[in-house]
Amino acid sequence: MNTNASNVKNHSCQPSTRTYFRTGASVATPLLVMSVLAVSPLAFGEDAPLKTNLPHQTSWLGNTFGGADGKWVQNYVDEIEVSPDGTVYTASEFDEAGRCTGIYKDGEVMPTMLKQFDGKGGHKAWGWGTASHGIAIDATRIYLINTAGELLRFNRADHKFIDSTPVLKITKVGDKEVGKAVGLTCAGGMLYIIRDNGEIAVLAVSDLKSQHAFTIPGARDVAVAADGTLWVLAGSEILHYAASGEALPQKISDAGKPTAIAFGSQGLLLVCDNGPRRQVLIYEVEDSPRQVGTFGVPGGITAGPRPGEVAPHKLHSLAGASTDAQGNLYVAMSAGMLDGTVLRQFKPDDKGGWDALGWELNGLTFTDSIVTEPGNRETSVYSHAHRFVMDYSKPPGQQWKVAGYTLDPDLQKVDIRREKPDYHPAFVARLEGKVIVYMRQMMGGSLEFYSPRPGTEFLDPIYSHKLQLEGWGVSVDERGDIWECNKKTIARIPFEGFAPDGAPRFGKRQDFDAPASWDSLQRVYYNSTTDTLFLAGYTSEKTEESWGLIGKEMARYDNWLKGTRTATWTKAVPHDFKPKEGPRVIMKSMSISGDYLFMAGVDTSAQVRVFDMRNGDFVGMLEPGEEVGGLGATGWVDMVDAIYALKRENGEYLVFVEEVHKNKIILYRWTPKPQP
């Protein structure tokens, strides 16, 4: 995720910047990192000689596609439209690499993206002007209303841009923009634009002239019946209106928590119920509306025998459903950045339903990271909302399978992941037989404790630890002790077991003065097995130039709790804030496993530097291969806890790295040469 607005290029998706997921920072073009084509000697730091990349395999997880050849599943979906030939068109307000409007067919994604003005600039909305909450189609064209209030038109045949017309006036009220479109429908030669104030504006497709407008409080979606009347989703009801806007007596009040509506190919109204049923409800509406069927397991993702276990017919976070001319059913599941995107196609059966899964596409890990499950560390891994099962015998990109969805939609207590979707796994431990997954936000902050609920895939929030030193550095050791650092202080908060309600208990904080050489500590990691402390930060000679980074110096201290304060080794952290060529070298995230330390920087994207923990020496680099499009197709690594490493029993290292640009996690597999 780009945080330097001054570097926006003329190929950007958006010329302006906006705050996103962080305080005091802004997002500019998601394509800035595409200029990173090679690694110069500067990228290794002054103290490390230039070395060739280490032999390794590049794989990935969390996205059906690796990002090569312009293929990836977008960050999330607000709305879908399905054509008679089974093409799925999606709308969303944001995708890091600009795929706000996705086009999917037969289990594939269309590499070519829609671009206002053919991508030549002048956009007022993200994603080359295509950021939107509403998309519609007719026989020849694609329509979308972007977040700037412009109606964009594209040819369906070749996806070429036709024109854009300002149709909505969007005003600023405090911090909010008012008047945006929240939905769009096309039928009978008319476009129906649903605005956030409930107004439905009707435009003629032929000349885009306004026909009339009317207001329905709470309106969010419109479906046009074969007789030309309108069914309008407003609040928790679906209301019937004449095309003129005159209210008709029929309505549907038993649809639970409806999120989207559409007419299928057989004239039945499909309603996405994201309430406790989590099903697609099917209605006949010719006379008095009545429910005639449902699709999906009752309860959806919460259904047994193992609640949270992912299966084709266990639905959640419903964002849209519709059918094609052949009767195939398409379901979109997405509730924003946390859930990501799930698109499923189901084949019709001979009973009038949809029994068999045709295909499924996933894009699940935006602003995310991975930790491995203790006790099953090589094959079970957690992201912020899912559990994956790994099979390393398979080819790159096929080594993962979604096993569980870890958010219980019926949970009565607050799960902060719902409120702040950039919370992601940072550490993991098994304490007194209980697995604890520790999550943090993108820019650090509190540690949120989660534990698997027995018999389910759900992770329950059990404790929140507010950092006591309020610095960037925090970690958890094998015993469950929390370590923090800030400026010249190191703190240890000892874990002392669990309370009867399952919450962890901690003892009195133990403070240590930083060794004299340190001026401002930024990172701390402790190995309780070997009594080894690792520190990184700044000294009086090597001072801070930007916030949140690892620092410019790192050191290892053996026998720390025994009183040793002399470093076993001290090394420079690679750093070049103003390089003469190539990207800035500013290290952001790191992980230690076995005999090695793995470090990734912001501008250098998914490039990982490897150091020997025994002596601090630089060993080499891990870089994304062509399987994911190479280094230039990956995004900034700008989360504090964006990298996680694990040494397998066979000596191989698994290194998971955030890849925000195309919505996935990169996995490097590296086996060091035997030591002499």
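Because only heavy atoms are used, hydrogens play no part in the values below, and waters and symmetry mates are left out as well, while side chains stay in.
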Run the side-chain contact (heavy atoms from CB on, under 4.5 Å) test against [X] and tell me which residues pass, sequence neighbours left out.
X      : result
Lys257 : Asp273
Glu108 : Phe65, Lys71
Thr259 : Cys272, Asn274, Leu318

For a quick check under 3.5 Å, do [X] and [Y] share a side-chain donor-acceptor pair by atom type?
X      : Y      : value
His133 : Glu79  : no
Thr229 : His240 : yes
Ser253 : Glu237 : yes
Thr90  : Gln74  : yes
Tyr283 : Asp254 : yes

Would the number of heavy atoms belonging to other residues, nucleotides or ligands and lying under 6.0 Å from [atom1] of [X] be above 12?
X      : atom1 : value
Asp207 : CG    : yes
Lys172 : NZ    : yes
Lys251 : NZ    : no
Gln326 : CD    : yes
Asp69  : CG    : no

Kindly determine whether Leu208 and Val167 satisfy side chain to side chain contact (heavy atoms under 4.5 Å, CB included), including the steps that lead there.
CA-CA 9 Å; Leu208 300 185; Val167 294; 5.8 Å; no
For the CD atom of Glu659 and the CD1 atom of Ile665, what is their distance to the nearest 0.5 Å?
8.5 Å
Could you grab the distance from atom CG of Asn146 to atom CD1 of Ile170, nearest 0.5 Å is fine?
7.5 Å
Are Arg417 and Asp339 within salt-bridge range, i.e. N to O under 4.0 Å?
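Between Asp339 and Arg417 there is no salt bridge, as every charged N stays at least 4.0 Å from the carboxylate O atoms.
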Any ion pair linking Lys180 and Asp196 (charged N to carboxylate O, less than 4.0 Å)?
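Answer for the salt bridge query: no.
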Is NZ or CZ of Arg99 both nearer than 6.0 Å to the six-membered ring centre of Trp72 and within 45° of the ring axis?
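Positive - Arg99 is close enough to the ring of Trp72 and near enough to its axis.
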Is the distance from the ring center of Phe117 to that of Phe161 below 6.0 Å?
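When the ring centroids of Phe117 and Phe161 are compared, they turn out to be within the sub-6.0 Å range.
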In terms of ring plane angle, is the pair Trp126 and Phe94 parallel, tilted or perpendicular, where the classes change at 30° and 60°?
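Ring orientation, 0 to 90° scale: tilted.
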Which pair of heavy atoms, one from His212 and one from Gly245, lies closest together, and at what distance?
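Where His212 meets Gly245 most closely, the heavy atoms are NE2-N, 4.4 Å.
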